[in-house]
Each structure stands twice: as structure tokens, then as C-alpha cells.
Amino acid sequence: MFFVKCIVVAVALCSVSISAKDWWENEVFYQIYPRSFMDSDGDGVGDLQGIKSKLQHLKDAGINSTWLSPIFSSPMVDFGYDISDFRNIHHEFGTLKDFEELTAEAKRLGIKIILDFVPNHSSDKHEWFQLSANRTKGYEDYYVWVDAKGFDKDGKPIPPNNWVSNFGGSPWEWHEGRKQFYLHEFAVQQPDLNYRNPKVVQEMKDILVYWLDKGVYGFRVDAVPFLFEVEDLRDEPRSYDPKAEPTDYGYLVHTYTNHLPETYDMLYQWRAVLDNYTKSTDNVTRIMMTEANGEIKQQMLYYGNGTAEGAHFTFNFLLISDLNVNSTAHDFMFTINKWLSYLPLEYTSNWVLGNHDVHRVGSRYGAERIDGLNMLVMLLPGVGVSYNGDEIGMLDTFITWEQTHDPMALNAGPDRYQLFTRDPERTPFQWDDTLNAGFSTSKNGTWLPVNESYKTLNLKKQKADPESHYKLYQKLLELRKEKTIQDGDLVVKALSDHVLTMTRSLSGHDTFVFVFNLGEKNATINLECYSQLPLKSRLKVELKSVYATLPLGTILPISDFPIGPYEAYVLTSDISELRYRN
Ligand code: GLC
Ligand code: MG
């Protein structure tokens with residue numbers, strides 16, 4: 001038997017050539033949900049001119065890159081993820097001219113715009129779908145069509161297999177005109193495109209180039225794992241998840257509809273499109289980030305397979321999927337190292353705290369942990385990803401059944417909608433304490449209600465307050481310019497169930513120490529287990545969570561200092577070279 005005082009896993013980023021870092025490798029990508037960011041014309045729905053008018057906010061916060069959820073023509077069944085024209089702008093958001101103005105303003109401010117590319121499906125209102133449904137020559141196979149397996153005694157067509165849609169129920173919809181089923185992995189109004197058709201493949205590549213020509217710096221690629229399905233349409237096995245009902249996506253294991261080898265290959269082809277574009281224009285890297293939930297090894301393949309390159313990074317959703325309010329410091333340590341353990345050394349890490357599909361970070365982890373989590377994401381190596389509102393600690397909004405818009409929630413019905421709804425995290429940005437939180441001048445309300453907290457929780461107030469989530473966020477972005485944070489090694493240690501710590505260190509530069517008390521009780525910190533911190537060294541409080549009690553500038557020993565419930569600090573170790581950040 002042996003005793004371990006603290007468990008150590010060190011990840012040295014030794015293969016990264018420090019001088020060779022590209023523009024995106026230490027970037028924070030800020031996700032804008034266009035319907036809810038800023039409304040310029042008072043219709044209660046956000047728009048491109050609204051975004052343009054608020055780009056300065058990104059700049060002020062320290063953000064240089066933003067990815068926009070879909071802005072394209074759409075009937076808005078899935079709020080822009082059902083696209084009826086991949087080359088045009090949705091009318092509530094504006095026009096192509098507005099987009100040009102937006103990119104011009106972004107360029108002026110030095111902000112790069114990344115668009116959402118939604119390749120798996122279109123809207124059923126897309127011209128292609130109409131053409132395909134009536135078997136217009138050349139378009140017959142743009143979608144995944146299949147005959148009925150048979151007809152029941154009432155003459156109702158029987159779907160070809162047992163598959164379940166992400167939004168619940170069978171993903172097969174009978175088309176009366178064509179007398180065939182079409183596949184929809186999401187809403188009925190989102191027919192899956194057929195990637196076994198080379199014409200579809202080419203169309204989608206052309207769309208990438210179309211937007212690159214309009215000045216965007218890359219794409220967030222939506223719902224990647226679903227691009228291909230097995231050709232023989234075999235049944236999928238049961239998951240035996242006791243919570244899943246037969247119509248729930250979780251009822252089956254999606255072996256035959258997710259992460260097929262062809263899917264990875266398509267990703268590698270898109271990467272080649274981007275790389276060719278870069279090479280044939282200005283040599284500025286155009287990036288691809290992919291949304292691909294799955295087993296960790298499946299996820300890593302989206303980066304590349306050793307021969308072909310894929311995404312520059314595939315979203316690391318582990319802080320969403322594997323951790324929550326009940327997670328211990330050991331769980332955090334394990335989860336952080338899980339990603340880094342599987343990530344090939346030549347690739348860039350990334351950390352996603354939230355998005356428009358999951359409850360807000362403070363609602364998942366508890367509002368009192370927001371600052372500690374923002375610190376964690378900003379201090380970990382590689383890319384950080386924020387969802388609009390994270391910088392001010394916005395929380396979920398309670399949405400009644402009557403107010404529900406999300407198709408996933410609507411499909412679940414009034415009794416179960418709360419299990420699925422994504423509306424609570426999509427409510428308008430809280431700019432100030434005026435009408436509609438300053439989001440819109442609409443007198444008839446906003447598309448989703450504004451969170452009642454807006455009078456006290458808003459950007460304007462947080463800019464005025466001496467300390468706030470926003471001010472901390474701003475300082476964290478500033479801190480990311482430090483060489484140590486950009487290139488340094490990482491060591492994560494759980495000092496107890498409640499105390500999570502890590503160091504970032506780089507020879508010749510300051511060492512940064514992060515301490516975070518996840519628990520509701522006081523704790524005493526002893527950092528002697530870090531060999532990078534000499535016993536006699538002292539630490540200085542550089543940054544603190546809003547309610548933390550130790551003032552900025554406090555000098556601490558490396559052992560036996562107190563930390564209150566939920567407090568989080570960034571400390572520096574070399575006091576001779578300390579800067580005191582105000
Ligand atoms: C992605 C999007 C989500 C959308 C789905 C279907 O998961 O993030 O919002 O509903 O794809 O396009
Ligand atoms: Mg508007």
C-alpha cells in the first residue's frame with residue numbers, strides 16, 4: 001500500500017513549435033446566436049445590422065474571432081439550421097449587402113468572421129428538395145429516398161427500418177408526391193442530403209468557396225457525424241438506456257448512422273478546399289471547426305488520420321458532456337486529461353463551455369462557479385470557445401410550453417419538453433436595464449422572452465461595477481497574450497474532492513497557478529506538490545472571481561493559505577516580475 005498526496009498528470013506540449021503558431025491556435029472564438037444578439041429594426045429578432053453595431057463589444061472584451069450560427073435563408077423551423085438557400089441571407093437578418101457591411105466593419109476592427117456550414121440537410125423548402133421530390137432530371141438523388149418496406153392493413157407505408165431521429169420519432173417521412181420515404185436525422189422539415197451523390201458533394205464545396213470569396217475566415221461545420229448512413233439501411237441496436245422512450249434518439253445505439261468512414265473522408269475533402277483557397281489567395285489560413293459528438297477516438301479522427309488533415313479542431317464538448325454541478329476536482333482533472341491524452345501532439349486543443357444547444361454554463365454548474373469556469377477555459381492550452389452571454393454570466397431563462405419554439409421541445413410535447421428544450425439558453429443578450437434589456441426596441445416583445453434578471457444582470461452594469469464577470473473575462477483575454485499561457489506546459493492536480501488546481505509554466509517566463517474551490521466549504525491550499533513552485537516562492541493574486549475575498553495583489557505562501565467557497569484565483573509565482581492587472 002502506498003499513499004499519494006496528490007495525483008499528477010503532466011502534459012507537455014513538446015511537439016509544438018512555438019514560433020510557428022498560426023493566427024487561430026490561441027484564439028478565443030465567440031459564438032453569436034444571431035436571433036438573440038442585437039435587433040436593429042425593432043422586430044424582436046436579432047439581425048446582421050444589430051451584430052455590426054455590437055462588434056465593438058467583442059473588440060472591447062478582447063475577442064478577435066466570432067462564429068455566427070446560421071444566417072442563411074430559412075423557414076426557421078430549426079432556427080436557421082434548416083436552410084432554403086445556402087447562398088442568401090435570411091430576410092429577418094438582412095440582405096447580402098448587410099453581410100458585406102458586417103464583414104467590412106469586422107475587417108476594420110480586426111475581427112474574423114466564421115460562418116456556420118450546415119451540410120447534413122437542407123430545408124424542405126430548398127429548391128433542390130422540390131426538384132428532387134418531383135424527380136426532376138439531375139436532382140433525383142439529391143436526398144436519401146427509399147421505398148416503403150410494405151404497407152400496413154390501412155395502406156400506410158412502413159418505414160424501411162427502426163432508426164430514430166435526433167428530434168424524436170422515425171427519421172423517415174413519407175412523401176406523397178414521390179411515393180417514397182425521405183430521411184431526416186433532425187426535424188421533418190430538414191431532409192438529409194445524399195452525400196453518395198457526387199453532384200451534392202460538388203454543390204456543397206462550391207458553397208464553401210462562395211462564402212470564402214465573401215471574406216469569411218472559415219466554418220463551424222454542423223452535425224458532421226450524420227453525413228452518411230450505411231447503404232443497406234440495417235436496423236440499429238437498442239441502447240437499453242432506462243430513461244429513453246422508444247421514440248427518443250437515445251433509445252438506439254447509432255452505429256449505422258454516425259461517424260461512418262465516408263464521413264471522415266468528406267471532412268478531409270472540405271479541408272482540402274479550404275487549404276487550396278488559402279494557398280491560391282492570401283495565405284491566411286481558413287479554418288474549419290467541427291461539431292461532432294462521439295467517443296473520444298472517433299472525435300480525434302475529425303482532426304485527421306495521420307495522412308489526411310481534417311478540422312483544425314473538433315469541438316471538445318467534455319466540459320459539457322462529462323462534467324456538471326456534481327463533478328469533483330478529480331472528475332475535472334480526469335476529464336481535462338482525457339482530451340489531452342487522446343489528442344495527437346501536433347493538433348491544437350480547445351475547450352467549449354457552452355453553446356446554443358446546451359443549458360448555460362451557470363445553470364449547469366451553478367452561478368457561483370461561472371468565474372472559475374471562465375478562468376479554467378481561458379487558462380487551458382489552445383483555443384477557447386465562448387457562447388454569447390458567457391462573458392457576463394447569463395443564466396437560463398424559464399420558458400413555458402406556450403413560449404416554446406425549439407422543434408426538439410415541441411416534438412417532445414408539453415409533459416416532456418423541459419427535458420429537451422434549448423430555448424432557455426437562447427434568450428436575448430442582456431445589454432442594459434432598458435426595455436428588452438437593450439436588445440430590441442420592440443413594443444410587442446421579443447422572439448423569446450428576455451430573462452427577468454436583466455435589470456441587475458447586464459453588460460452595462462458589469463462595465464460600471466468595480467468587479468464583474470465581464471471585467472474578469474476581459475482580463476482573462478488579456479492574460480492569454482502571456483507567452484506562458486500560449487505556449488507553456490500544463491499540470492493539473494486535484495488537491496481534494498473540491499480543490500482543483502493547475503499550473504502553466506514556460507522556462508524563462510512567469511508561472512501561472514489556478515486554484516478553484518468547487519465546494520461550498522472553506523479549504524486550505526497546499527501547493528507544495530508542484531515541483532515548479534520552489535518551497536520558498538511566494539504567489540501573488542493576479543485575478544480573482546468576483547466574490548472571492550483575497551484582494552488582488554495579495555502575497556501568499558505556497559502552502560496553507562485559505563480559499564473560500566467557490567472562490568477561484570489566478571496567481572503568479574515570480575513576484576519579482578509581477579504585473580498587477582487592474
Ligand atoms: C446542430 C446544431 C443544432 C441543430 C442541429 C441540426 O447540432 O447545433 O442547433 O438543431 O445541428 O442542424
Ligand atoms: Mg430585427
Side-chain angles (χ1 to χ4, degrees), residues 31-54 67-72 74-84 86 89-95 98 102 115-124 126 165-168 171 183-193 219-227 249 254 257-258 289-294 314-315 317 320-321 352 354-359 385 387 405-412 420-426 428-429 436 438-448:
Q31 179 190 355
I32 290 181
Y33 193 69
R35 290 186 75 80
S36 298
F37 195 59
M38 183 66 198
D39 174 19
S40 72
D41 59 2
D43 65 355
V45 177
D47 44 53
L48 298 187
Q49 287 296 340
I51 296 174
K52 177 177 160 233
S53 72
K54 292 294 188 187
W67 74 269
L68 311 181
S69 278
I71 54 173
F72 318 106
S74 166
M76 290 284 154
V77 170
D78 191 20
F79 298 99
Y81 286 94
D82 49 321
I83 297 170
S84 51
F86 287 97
I89 304 291
H90 174 60
H91 64 90
E92 285 170 302
F93 294 159
T95 61
D98 293 318
L102 173 65
L115 291 183
D116 211 321
F117 177 53
V118 186
N120 180 66
H121 42 263
S122 73
S123 159
D124 61 343
H126 195 293
S165 148
N166 281 270
F167 287 176
L183 178 72
H184 61 91
E185 292 254 35
F186 293 88
V188 172
Q189 299 88 342
Q190 290 169 300
D192 272 49
L193 286 159
F219 301 92
R220 173 263 189 191
V221 189
D222 178 76
V224 177
F226 309 96
L227 293 177
Y249 190 64
H254 301 283
T257 52
N258 261 220
M289 42 179 117
T290 47
E291 185 208 23
N293 273 310
T314 193
F315 287 135
F317 290 129
I320 293 169
S321 58
V352 184
N355 60 40
H356 64 296
D357 291 330
V358 293
H359 292 315
V385 182
Y387 177 51
H405 285 285
D406 178 9
M408 203 169 173
L410 291 173
N411 283 356
F420 298 93
T421 183
R422 299 172 295 176
D423 291 326
E425 61 265 20
R426 296 176 176 181
F429 192 96
N436 302 320
F439 159 73
S440 171
T441 55
S442 167
K443 297 270 175 352
N444 308 314
T446 51
W447 80 282
L448 279 174

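The basis for the numbers below is simple: all heavy atoms, side chains too, and nothing from hydrogens, waters or symmetry mates. The shown structure was predicted, so the numbers you read here are calculated from the model rather than taken from an experiment. As the structure lists them, so they are numbered: ligands from 1, and atoms in each ligand from 1.
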Side chains of S40 and D47 only: does a donor on one sit below 3.5 Å from an acceptor on the other? yes
Can you list the residues that meet the side-chain hydrogen bond (donor to acceptor under 3.5 Å, both in side chains) rule with D98, with sequence neighbours excluded? Q49, T95
Hey, which residues fall under 4.0 Å of ligand 1 on heavy atoms? D78, Y81, H121, F167, F186, Q190, R220, D222, A223, E291, H356, D357, R422, R426
Looking just at side-chain N and O atoms, do D192 and N120 make a donor-acceptor pair shorter than 3.5 Å? yes
Report the relative orientation of the aromatic rings in F186 and H121; use parallel for angles under 30°, tilted for 30 to 60°, perpendicular for over 60°. tilted
List the steps, then state whether side chain to side chain donor-acceptor pair (under 3.5 Å) holds for S69 with Y81. CA-CA 8 Å; S69 278; Y81 286 94; 3.1 Å; yes
Exercise: do W447 and S36 side chains pair donor with acceptor under 3.5 Å: yes
Under 3.5 Å, side chain of D82 to main-chain N/O of S122, donor-acceptor pair present? no
What's within reach of the Mg ion (ligand 2), meaning protein N/O/S atoms under 2.8 Å? D39 OD1, D41 OD1, D43 OD1, V45 O, D47 OD2
Summary of salt bridge (Lys or Arg N to Asp or Glu O under 4.0 Å) pairs that have at least one residue in residues 36-46, sequence neighbours excluded: none
Any side-chain donor near an acceptor of the partner, Q190 and H184, under 3.5 Å: no
